[in-house]
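What follows is a set of notes on a single structure, which appears directly below.
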Amino acid sequence: MVRQTPFNWLKPKNDFVLKLILGSENDQSKELLLAFLNDFLYVPALQSFTSVEILNPIINKQSIYDKGSILDIKAKVPGYGYINIEMPLTNHNNMHKRSLYYASKLIGNQLFVSDEYTKVERVVANNLLDFPFFSSTPYHSCFRLMEERLHEPFPDLLQLHFTEMPKFIRQDQAGKIPVNDRKAKWIRFFTNEDDTRGFEMAKQDPVMEKMVESLRVASLDPEAMIMKTQSEIKVEECLNFFFTLFLLLIIDVSELLIQPDI
């Protein structure tokens, strides 16, 4: 049972905390990741995933001109395929392209020179968005390839999932989320901002009890706190850098415009 000792909770929406709980190389993290995937992909109980491999999240460049990528979580389920989990917190209006780019990299990096195309495995991109993105009402959207006239589905090799968490929150508060929605408990956990609700969620479900315990352990770990803070600082530093660069460009352009003709 989770021990109820006062402390400051880490926020699970931080990318480092997400990786720590679901993307670490330990048995409990893998167990929780399997539970997450089974629920988010609605895997039937008799076909539940039973093993998962956590992979290096860095997608290597194939040439010096390629854009490098670092995924939040990259995993492989034997017999099913590769899975990418992302949790972007800021809307840069490019999430559809970003997700497709990551997924295409996961497809393109599967084969070596002598490999047959038959070895290409399914790729599933699972995006947990902390902002609304699509104009449709459902909080979850799944995109797959299909023939445009007959709507005949292409072989199931690519899935792009988008979960818009703000939409879920509004629908949940309005009592519109079905009781059998398997994704609901996970989104409530990720979006929880009330430190007092952690132990309450732990009592509702054995998997959530382990999620809360993992978050509690991480929250009590000073090293984890430092890494979490560094992760937040890096984001802020990047924003400051681009803002400064933007101002310098404006200044340079302004100086060119006001230079008198010689």
Side-chain angles (χ1 to χ4, degrees), residues 1-5 7-43 45 47-60 69-89 102 106 109 121-128 161 163 182-183 185-192 195 197-232 234-235:
M1 185 67 183
V2 177
R3 290 166 287 177
Q4 302 189 29
T5 304
F7 60 93
N8 293 321
W9 292 85
L10 291 173
K11 302 305 179 186
K13 281 192 295 186
N14 177 277
D15 59 350
F16 167 74
V17 179
L18 176 69
K19 296 173 190 176
L20 190 67
I21 296 178
L22 294 183
S24 296
E25 277 287 352
N26 60 67
D27 291 341
Q28 175 146 311
S29 185
K30 290 181 179 180
E31 180 184 348
L32 292 173
L33 179 58
L34 282 170
F36 171 86
L37 295 175
N38 282 319
D39 283 339
F40 258 74
L41 299 176
Y42 276 89
V43 181
Q47 302 174 27
S48 294
F49 301 147
T50 57
S51 64
V52 63
E53 180 184 0
I54 307 295
L55 303 176
N56 184 347
I58 299 175
I59 299 179
N60 295 326
S69 303
I70 302 178
L71 310 181
D72 284 352
I73 295 177
K74 177 183 174 184
K76 183 179 181 182
V77 175
Y80 185 78
Y82 293 86
I83 296 173
N84 166 220
I85 301 174
E86 298 292 318
M87 186 180 281
L89 306 183
Y102 286 174
L106 290 179
N109 286 356
E121 297 186 53
R122 179 190 292 110
V123 167
V124 176
N126 209 325
N127 303 284
L128 305 175
H161 293 260
T163 298
R182 294 170 63 179
K183 294 186 288 291
K185 63 186 178 186
W186 296 95
I187 305 175
R188 290 180 186 127
F189 174 84
F190 289 128
T191 58
N192 178 47
D195 290 353
R197 288 195 60 213
F199 295 116
E200 177 185 336
M201 288 190 290
K203 297 176 182 178
Q204 297 173 0
D205 183 277
V207 172
M208 285 298 104
E209 182 176 1
K210 292 180 180 179
M211 286 286 288
V212 172
E213 175 63 9
S214 293
L215 183 60
R216 186 192 71 84
V217 171
S219 300
L220 293 174
D221 183 355
E223 182 179 352
M225 286 292 293
I226 292 173
M227 294 184 70
K228 179 255 187 185
T229 303
Q230 288 176 339
S231 176
E232 292 176 342
K234 286 178 182 177
V235 172

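Sequential numbering from 1 along the given sequence is applied to the chain's residues.
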Only one of I85, V124, N84 forms a side chain to side chain contact (heavy atoms under 4.5 Å, CB included) with H161, so which one is it?
V124

Taking C-beta and beyond as the side chain, do M208 and K203 meet within less than 4.5 Å on heavy atoms?
no

Mind checking ring-ring contact (aromatic ring centres under 6.0 Å, His included) for F49 and listing every partner two or more places apart, or none if nothing turns up?
Y80

Do the non-hydrogen side-chain atoms of L106 and I83 ever get within less than 4.5 Å of each other?
no

Just so I know, are the side chains of I58 and L71 near enough to count as touching, which here means a heavy-atom distance under 4.5 Å?
no

Pair listing, salt bridge (Lys or Arg N to Asp or Glu O under 4.0 Å) test, anchored in residues 69-80, at least two apart
K76-E121

After noting the C-alpha distance and the side-chain angles of T163 and N127, does the key distance pass the side-chain contact (heavy atoms from CB on, under 4.5 Å) rule?
CA-CA 6 Å; T163 298; N127 303 284; over 6 Å; no

Kindly say whether L34 contributes a backbone atom to a donor-acceptor pair with the side chain of N38 at under 3.5 angstrom?
yes

Can you name the closest pair of heavy atoms from S24 and S29 and give their distance?
N-OG, 2.9 Å

Does the R182 side chain pair with the main chain of V43, one donor and one acceptor, at a distance under 3.5 Å?
yes

The reported gap from NZ in K183 to CG in L41 (rounded to nearest 0.5 angstrom) is 9.0 Å

Would a 4.5 Å heavy-atom cut-off, applied to side chains only, mark R216 and L220 as touching?
yes

Once you round to the nearest 0.5 Å, how far does CG of L215 lie from CE of M201?
8.0 Å

Look up atom CD in E25 and atom CG in L55, then write down how far apart they are to the nearest 0.5 Å.
8.5 Å

What I'd like to find out is whether the side chain of Y82 reaches to under 4.5 Å of the side chain of V77, using heavy atoms alone.
no

Can a donor-acceptor pair be found, under 3.5 Å and without considering hydrogens, that links the side chain of S48 to the backbone of A45?
yes

Is any side-chain heavy atom of Y102 closer than 4.5 Å to a side-chain heavy atom of V123?
no

For a side-chain contact (heavy atoms from CB on, under 4.5 Å) check, start with the C-alpha distance between F36 and V52, then their side-chain angles and the critical distance, and finish with the verdict.
CA-CA 11 Å; F36 171 86; V52 63; over 6 Å; no

Please examine the side chains of M87 and F190, heavy atoms only from C-beta on, and report whether any two atoms are closer than 4.5 Å.
yes

Distance (rounded to the nearest 0.5 Å) between M211 CE and K185 NZ
10.0 Å

How long is the span from the CZ atom in R188 to the CG atom in N192, to the nearest 0.5 Å?
11.5 Å

Kindly determine whether L18 and K13 satisfy side-chain contact (heavy atoms from CB on, under 4.5 Å), including the steps that lead there.
CA-CA 6 Å; L18 176 69; K13 281 192 295 186; over 6 Å; no

Where is the tightest heavy-atom contact between I73 and G23, given as atom of each residue plus distance?
CD1-N, 4.0 Å

For the backbone of W186 and the side chain of D39, can you confirm whether one donor and one acceptor N or O come within less than 3.5 Å of each other?
no

S219 side-chain N/O to W9 backbone N/O, donor-acceptor pair under 3.5 Å:
no

Mind running side-chain contact (heavy atoms from CB on, under 4.5 Å) on E86 and N126 for me, showing each step along the way?
CA-CA 6 Å; E86 298 292 318; N126 209 325; over 6 Å; no

Carboxylate-amine/guanidinium contact K210 E213, below 4.0 Å:
no

Are any of the side-chain nitrogens in D195 or K11 under 4.0 Å away from the carboxylate oxygens of its partner?
yes

When you measure from the side chain of S214 to the backbone of I21, do you find a donor-acceptor pair of N or O atoms at a distance under 3.5 Å?
no

